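This report refers to the structure that appears directly beneath it.
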Protein chains: 2
Amino acid sequence: MSAREQRQVASDAALSKQRVVVEAVRLADREGVHALSMRRLAGALGAGAMSLYYYVASKEELLDAMIDVVFEEIELPPEETDWQSAMRRRAVSARQVLARHPWAIGLMESRTSPGPAHLRHREAVTACLRRAGFPVLMATHANWLLDSYVYGFALQEASLPFDTADEFADMAEDVYLPQLPPDEFPYLNESAAVLAAAGYDPAEEFAFGLDLVLAALEPLRVPT
Amino acid sequence: MSAREQRQVASDAALSKQRVVVEAVRLADREGVHALSMRRLAGALGAGAMSLYYYVASKEELLDAMIDVVFEEIELPPEETDWQSAMRRRAVSARQVLARHPWAIGLMESRTSPGPAHLRHREAVTACLRRAGFPVLMATHANWLLDSYVYGFALQEASLPFDTADEFADMAEDVYLPQLPPDEFPYLNESAAVLAAAGYDPAEEFAFGLDLVLAALEPLRVPT
DNA sequence: TCGTACATCGTACGTCGTACGCTGTACTAC
DNA sequence: GTAGTACAGCGTACGACGTACGATGTACGA
């Protein structure tokens, strides 16, 4: 039995850049980026730490590659529908993906050069807007506005300390309200009370703002 | 001369939580969060590394405090104007502040409990919206939408590899276009060309989307 | 004078990213 | 066959990190 085959027994497959990056994403999903170290990643792959550097020049490059994996997961705007439905589809998909990989949002701030999947994504979105009749500069504006909304929403959602409406109700009662004296924060108290009663769903919240933005963009295009 | 006075000669003032946190913000502004270590921070303050732990329980707590310093810098919506002007003022201020402290955006993703300045800020914004006639749930929607836009815009702006229009023009020509084959990315090429010619200003881009959002929110309030 | 609270620091431990150099295997050329 | 070379992976070591722990000296009330 060769050393190669022995490794395969230990880790079920040979190393590859693909496998390294995908396992890194899994690890970050499970325990956060702060817990992602080259040694732990290597451990999860049944390999030595330095072996990873055959496939990845540095940890920075690994993080860039991880972000691009995330972009690959986001649905492109479908071509066969009206532009609003298409943009809604891809925005909803983006929110879902970013909620699945919250670490990716924080990473984007520090990484400046977009990967291939990111570029393909931008191209598809721009194409959709241009074909819908938005002039070049308007398409740029729309792109910024929509992406800002999606990323900003994901960022806020990631920093919520709860995942479900029930958790929110518990949280509001046990943690928030006690540290919000009603005389100092009357409006936040009001909001918290109403939200706790009405229930809270991030997906609905997202849809509300998204539809508002899409409707506001509609008159800016020049129908073909 | 006491040891205390000697230290004052070395660092111009006694240590305090305030001074530690403010210097940490300065360091992060100058060299990025990744360059902010307890040892380097202590060095900048003319102190030993472990001395910081008298004022700060952990690095995590330091980061939380840094974020709250950032929120303190953001202008609250003024009370004496119409709601759109008030929200525009605070949004513009927020963008400027976040552009000055880009590390803060990436940090927000991982820290879940808002500091006192953050809470005061939310209260003031909610108050402004409620007084403008937005019902409770609508005020929540508006809050999410506006904050998403501001944070998302700041996030995108932070990941731009240039700061001025001139830099953008250079960048577009030297770096972007070469890696964007026109047959694969026709629309991105078109955008880049038009933007390079028309010039590019993040403040204007921000204002465009912001005004669109504010106008879209206007009909949702119930005038008092 | 003594005790105690305050403010600061030195040392040490485990972990991090990664530079460097060594291995063994697979394959090509002769 | 055999020598040479590229591939894929690993062990060790270095400097930096966050911080637990305990020692230090000073200020001040009893």
Side-chain angles (χ1 to χ4, degrees), chain A residues 1-25 27-28 30-67 103 106-107 110-111, chain B residues 1-25 27-28 30-67 103 106-107 110-111:
Chain A
M1 191 190 254
S2 74
R4 175 62 163 268
E5 286 167 310
Q6 260 182 336
R7 264 194 312 280
Q8 292 195 351
V9 167
S11 61
D12 255 344
L15 249 40
S16 72
K17 175 155 185 175
Q18 166 88 349
R19 231 165 77 76
V20 167
V21 176
V22 166
E23 187 61 36
V25 168
L27 224 168
R30 215 172 336 123
E31 321 194 28
V33 241
H34 57 276
L36 171 65
S37 79
M38 299 303 270
R39 282 178 243 256
R40 303 234 298 132
L41 176 55
L45 289 162
M50 291 312 291
S51 305
L52 306 182
Y53 286 90
Y54 187 77
Y55 302 96
V56 157
S58 62
K59 192 180 184 181
E60 293 285 290
E61 194 191 289
L62 173 63
L63 295 174
D64 281 335
M66 289 168 67
I67 295 233
W103 47 266
L107 238 47
S110 51
R111 246 91 314 283
Chain B
M1 191 190 251
S2 73
R4 176 59 163 273
E5 286 166 311
Q6 259 182 338
R7 265 195 311 280
Q8 292 194 354
V9 168
S11 60
D12 253 343
L15 247 43
S16 73
K17 175 154 184 177
Q18 164 89 349
R19 232 166 77 75
V20 168
V21 177
V22 167
E23 187 62 38
V25 168
L27 223 169
R30 213 171 339 121
E31 322 192 29
V33 243
H34 57 277
L36 172 65
S37 78
M38 298 304 269
R39 282 179 242 257
R40 304 237 296 131
L41 176 55
L45 289 163
M50 289 313 289
S51 305
L52 306 182
Y53 285 90
Y54 187 76
Y55 301 98
V56 157
S58 64
K59 192 178 186 184
E60 292 286 291
E61 193 192 288
L62 173 64
L63 295 174
D64 281 335
M66 290 170 67
I67 295 233
W103 46 267
L107 237 46
S110 50
R111 70 242 356 272

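The shown structure was predicted, so the numbers you read here are calculated from the model rather than taken from an experiment. These values consider heavy atoms only, across backbone and side chains, with no hydrogens, waters or symmetry-generated copies. Letters A, B, ... are given to chains in the order of the sequence lines, protein chains preceding strands, and every chain is numbered from 1.
Atom CD of B:Glu31 sits in a crowded spot, with more than 12 heavy atoms from other residues, nucleotides or ligands closer than 6.0 Å.
Atom pair B:Leu41:CG and C:dC9:C1' shows a separation of 15 Å (rounding to whole Å applied). In this structure, B:Leu45 atom CG and C:dT8 atom C1' are separated by 13 Å, rounded to whole Å.
In this structure, B:Tyr54 reaches the C:dA7 phosphate: one of its side-chain N or O atoms is under 4.0 Å from OP1 or OP2.
Inter-residue side-chain proximity for B:Leu62 and B:Tyr55 is flagged as unmet; no heavy-atom pair is nearer than 4.5 Å.
Using a 4.0 Å cut-off between charged side-chain N and carboxylate O, A:Glu23 and A:Arg30 make a salt bridge.
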- Query: When every nucleotide of nucleotides 11-22 of chain C is labelled 5' to 3' by its protein contacts under 4.0 Å (heavy atoms), B for base, S for sugar-phosphate only, - for none, what sequence of letters results?
  - Reply: BB---BBBBB--
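Here B:Met66 contributes atom CE and B:Lys59 contributes atom NZ; the two are 8.5 Å apart, rounded to the nearest 0.5 Å. To the nearest 0.5 Å, the span separating CZ on A:Arg19 from CG on A:Leu52 amounts to 10.5 Å.
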